[in-house]
Amino acid sequence: MDKQYHYVIVDITIILLSIIHFVSTFKCSLYAIDQSSLEAKLTKINNSSSYNPILNLGDLVFSGSATSTKLANKNYLSAYHTFDHLGVPHFFLLIIDIDLKSIKLNLTLNEKDGSGSFWQIATVNTNEIIGIRESFHSGSTLEVAKINQKDGNMTTIGTYPYGSYSLVMVYASKRRLYFNVIESTLYAVNVDTGKLDINIQIPNDYVIYAIDYDYIKDRLIGLVYSSSITNSWILTEIIITTKNELKFDRIGKTIIPFDKYQWTTTYTINLNQRSWITIWDMKDLNKSVFIALNIDNGEIIEKWETNLNRLTNLVCFD
Ligand SMILES: *[C@@H]1O[C@H](CO)[C@@H](O)[C@H](O)[C@H]1NC(C)=O
Ligand SMILES: *[C@@H]1O[C@H](CO)[C@@H](O)[C@H](O)[C@H]1NC(C)=O
Ligand SMILES: *[C@@H]1O[C@H](CO)[C@@H](O)[C@H](O)[C@H]1NC(C)=O
Ligand SMILES: *[C@@H]1O[C@H](CO)[C@@H](O)[C@H](O)[C@H]1NC(C)=O
Ligand SMILES: *[C@@H]1O[C@H](CO)[C@@H](O)[C@H](O)[C@H]1NC(C)=O
């Protein structure tokens, strides 16, 4: 009897904890770029009702909605571009100290090789910044490039095969591979050799909408469509088998229905909190919704709606 009673108490505690969780603030410090006006603003998001602009960045363009990352857990790192009065783009690397709320580096990227925007950037270590940008190398539309933080020069590390792409890309630090999906093939450039080490056709019954990397467990996480669960997105681990095939292991039971939500490619991962924080458009409503998922069990940790529907480039600091 006593034992059973104990279990009931434990159950109630768990339920209460999960309710409390939904209204609490993020466990990491969340930042985003608010582009609802001409001037982009770095914004601190405390919780579902507290959005605080902390720095005005002026009239600039971020190529992607997941272009930003963190550098040494205290700097917001991004690449952006502006257009001059002739419509010519100018490219920059931006480092913002989030504690001082000030710009640490606003570096002009030297476009001598004539390539284009960065769709994503990543840090190899605190000094080395790499990213995926448009490529003018023949036979390629995207390349992995390295940015020299002193002079803004960039060098190509390796290229991906030519084809259309949809910003499904991530740098997997422990594997030294920069993954990228191009026309239903998963590719990866080795950042040390520049070679295309991974080239695997994605099975017909899957579409990968987003890919992220959990360096603590060295695994790839994907937001995917699977023909076994129609009309919804699901979270899966993406495994590369020894036979060089892709295997999708579903994480938890959460589904995100196609008819209610629209994927915006706005997301960030915080590994210490085990959370994948995403923003979706709500179909037929002029609203967005934040959904934070636990990357180990797939459960929704937080979910709230907001009228601020131009938030992009999330980064969550420990
Ligand atoms: C948001 O939270 C931070 C601490 O995380 C606090 O310093 C700041 O004052 C909060 N913002 C508002 C508007 O309360
Ligand atoms: C959101 O945070 C603000 C200050 O940062 C606080 O005053 C408010 O109570 C919080 N709201 C919720 C719903 O947690
Ligand atoms: C970065 O520098 C460029 C060129 O000097 C300037 O136009 C732009 O406003 C600066 N950006 C920020 C965010 O300070
Ligand atoms: C960077 O680019 C400039 C202009 O093209 C060149 O003069 C300089 O030598 C380059 N620096 C390095 C380290 O390659
Ligand atoms: C959508 O919401 C934004 C922010 O609340 C507002 O500025 C905009 O006018 C709205 N658009 C429409 C079509 O209602």
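Numbering of ligands and ligand atoms starts at 1, following listing order. Only heavy atoms go into these numbers, but all of them, side chains included; no hydrogens, no water, no symmetry mates.
Counted within 6.0 Å of OH on Y261, heavy atoms from surrounding residues, nucleotides or ligands total more than 12; the atom is thus considered enclosed.
In terms of polar-atom proximity, S48 is not counted as a contact of ligand 2, lacking any N or O under 3.5 Å from an N or O of the ligand.
The closest protein non-hydrogen atom to atom 1 (C) of ligand 3 is N106 ND2, 1.4 Å. Atom 4 (C) of ligand 3 has as its closest protein heavy atom F92 CE2, 3.8 Å.
Below 4.0 Å from some heavy atom of N46 lie the following atoms of ligand 2, by number and element: 5 (O). Those atoms of ligand 4 with a heavy atom of N153 less than 4.0 angstrom away are 1 (C), 2 (O), 3 (C), 8 (C), 10 (C), 11 (N), 12 (C), 14 (O). Each of the following atoms of ligand 4 lies closer than 4.0 Å to a heavy atom of D151: 1 (C), 10 (C), 11 (N), 12 (C), 13 (C). For ligand 3 and L57, the ligand atoms under 4.0 Å from any heavy atom of the residue are 13 (C).
At a heavy-atom cutoff of 4.0 Å, ligand 3 is contacted by the side chain of I103 but not by its backbone.
By the 4.5 Å heavy-atom criterion applied to side chains, N231 and D259 are not counted as neighbours.
A side-chain donor-acceptor contact under 3.5 Å links T141 to the backbone of G163. S65 places a side-chain N or O within 3.5 Å of a backbone atom of T265 that can act as its donor or acceptor partner.
Ring planes of Y31 and F317: perpendicular class, angle over 60° (limits at 30 and 60°). In this structure, Y209 and W233 have perpendicular ring planes: the angle between them is above 60°, well past the 30° mark.
If you look at F83 and H81, their ring centroids are closer than 6.0 Å.
Within a 4.0 Å radius of atom 7 (O) of ligand 3, the protein has no heavy atom.
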